[in-house]
2 protein chains.
Amino acid sequence: MGATKTDLFTKQQNDIANMAKAIAHPARIAILQYLVKKNACVCGDLVDELGLAQATTSQHLKELKNAGVIQGTIEGVSVCYCINPKVWKQYKELFNSFFKDVSPQGDCC
Amino acid sequence: MGATKTDLFTKQQNDIANMAKAIAHPARIAILQYLVKKNACVCGDLVDELGLAQATTSQHLKELKNAGVIQGTIEGVSVCYCINPKVWKQYKELFNSFFKDVSPQGDCC
DNA sequence: TGTTTGTATCGCAATATTACGATTTAATTT
DNA sequence: AAATTAAATCGTAATATTGCGATACAAACA
């Protein structure tokens, strides 16, 4: 035990959960906000910005890259990271459709 | 080490991350979708619906309740759960504002 | 080629999450 | 009061995440 039983759920449910997981850490939120603001940056910028160790920052970048929501290209000695607008849009739309319309009345119990 | 360094980040960043964490499991996505569809249900319904053990299901309900996104009221022998529309709206709005507008061009690097 | 610079990866420790059987708790029913 | 029912909690095992120092790697530069 200990591992999520993904086979019990639909692909969509696992997708949404994985998207949520990708942004379920304040450092990763901070990275994404920084990228949205600055458009692009290198790992070193984020080490200064976040206050986490280089290894830790790199690890968070890796997770965001694995999730597809950011992309990085080699820029000389450093790596330039930016939002992947296509995947970002997917996130936006999936969360949007998930939170769409709840019964507005509310008092169910 | 091992614990998130919340003090490095803003309240808003921690808030968004915590909201994401609350829905970062397919079982909790499934619970919320079920609640949106059925409007209300009891724990036993979800045990049948999800295929997870009663203890596990109850634990996921507890996390959603701790996050504030659902509420439960005692209904005889069982407990009736439903979405907390106020908090749901907050989630919707916070995610919305987070994903708002990215640079539409995209090719930054 | 050797050095510098910026990142990624490895290895490890601390902590958190997921899952479930067993038990407890609380309200109803007999 | 005893039995039943539904849910919460406890205890524990397996796995995942977070964080960092140390090291490896790759590109630019001397």
Side-chain angles (χ1 to χ4, degrees), chain A residues 1-9 13-14 17-31 34-35 40-67 70-82 109, chain B residues 1-9 13-14 17-31 34-35 40-67 70-82 109:
Chain A
M1 316 129 202
T4 297
K5 292 194 160 182
T6 53
D7 53 302
L8 289 178
F9 308 101
Q13 287 165 342
N14 282 306
N18 283 330
M19 287 186 180
K21 207 181 260 182
I23 62 167
H25 193 289
R28 296 197 287 273
I29 296 291
I31 289 173
Y34 190 77
L35 279 178
C41 73
V42 297
C43 180
D45 296 343
L46 292 166
V47 174
D48 299 339
E49 178 75 10
L50 301 182
L52 287 170
Q54 185 268 320
T56 309
T57 305
S58 185
Q59 197 174 293
H60 282 302
L61 283 169
K62 189 184 179 184
E63 278 177 71
L64 289 171
K65 210 169 69 180
N66 284 343
I70 67 170
Q71 58 200 178
T73 47
I74 297 170
E75 189 101 344
V77 192
S78 50
V79 175
C80 175
Y81 283 101
C82 67
C109 49
Chain B
M1 315 132 204
T4 297
K5 291 193 157 182
T6 53
D7 53 304
L8 289 179
F9 308 101
Q13 288 166 343
N14 282 306
N18 283 329
M19 286 184 181
K21 208 181 259 182
I23 61 168
H25 192 289
R28 296 198 286 276
I29 296 291
I31 289 172
Y34 190 80
L35 278 177
C41 72
V42 296
C43 180
D45 296 341
L46 292 167
V47 174
D48 298 339
E49 177 75 10
L50 302 183
L52 287 170
Q54 186 268 321
T56 308
T57 305
S58 186
Q59 197 172 291
H60 283 301
L61 283 168
K62 190 185 179 184
E63 278 177 70
L64 289 171
K65 210 170 70 179
N66 284 344
I70 67 169
Q71 58 199 179
T73 47
I74 296 169
E75 188 101 342
V77 191
S78 49
V79 175
C80 174
Y81 283 102
C82 67
C109 52

Pairwise N/O distances under 3.5 Å, protein to nucleotides 7-10 of chain C:
from  : atom 1 : to      : atom 2 : distance (Å)
C:dT7 : OP1    : A:Cys43 : N      : 3.0
C:dT7 : OP1    : A:Gly44 : N      : 3.4
C:dT7 : OP2    : A:Gly44 : N      : 2.8
C:dA8 : OP1    : A:Tyr81 : OH     : 2.2
C:dA8 : OP2    : A:Ser58 : OG     : 2.9
C:dA8 : N7     : A:Gln54 : NE2    : 2.9
C:dA8 : N6     : A:Gln54 : OE1    : 2.9

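- Atom C1' of nucleotide C:dT18 and atom CD1 of B:Ile29 are separated by 16 Å, given to the nearest angstrom.
- Judged as a side-chain hydrogen bond (donor to acceptor under 3.5 Å, both in side chains), the pairs with a partner in residues 18-27 of chain B (not counting sequence neighbours) are, in order, A:Thr4-B:His25.
- Of the two residues contacting DNA chain D, namely A:Gly51 and A:Thr4, the nearest-nucleotide position lying further toward the 5' end is that of A:Thr4.
- For B:Ser78, the side-chain contact (heavy atoms from CB on, under 4.5 Å) partners are B:Val42, not counting sequence neighbours.
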request  = Before giving the answer on side-chain contact (heavy atoms from CB on, under 4.5 Å), spell out for B:Tyr34 and B:Asp45 the whole-Å C-alpha distance, their side-chain angles and the decisive distance to 0.1 Å.
outcome  = CA-CA 10 Å; B:Tyr34 190 80; B:Asp45 296 341; 4.0 Å; yes
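- In this structure, B:Arg28 contributes its side chain and B:Ala22 its backbone to a donor-acceptor pair below 3.5 Å.
- Atom P of nucleotide C:dT17 and atom NE2 of B:His60 are separated by 12 Å, given to the nearest angstrom.
- In this structure, A:Glu75 places its CD atom 12 Å from C1' of D:dA27, rounding to the nearest Å.
- Between the CD1 atom of B:Ile74 and the C1' atom of C:dA27 there is a distance of 8 Å, rounded to whole Å.
- To the nearest angstrom, P of C:dG6 lies 14 Å from CG of A:Leu46.
- Positionally, the nearest nucleotide of DNA chain C for B:Lys21 lies more toward the 5' end than for the other of A:Lys5 and B:Lys21.
- The distance between atom CD1 of B:Ile31 and atom P of C:dA19, rounded to the nearest whole Å, is 10 Å.
- Under the side-chain contact (heavy atoms from CB on, under 4.5 Å) criterion, B:Val47 pairs with B:Cys43, B:Gln54, B:Thr57, not counting sequence neighbours.
- Applying the side-chain contact (heavy atoms from CB on, under 4.5 Å) rule to A:Lys62 yields the partners A:Asn66; only residues at least two apart in sequence or on another chain are considered.
- Looking at the side chain of A:Ala53, the nearest of the listed nucleotides D:dT18, D:dC20, C:dT18 is D:dC20.
- Checked against side chain to side chain donor-acceptor pair (under 3.5 Å), B:Gln13 has the following partners two or more places apart in sequence or in another chain: A:Gln33, B:Thr10.
- Put simply, CG on B:Asn18 is 15 Å from C1' on D:dT18, counting in whole angstrom units.
- For the pair B:Asn66 CG and C:dA16 P, the interatomic distance rounds to 15 Å; values are reported in whole Å.
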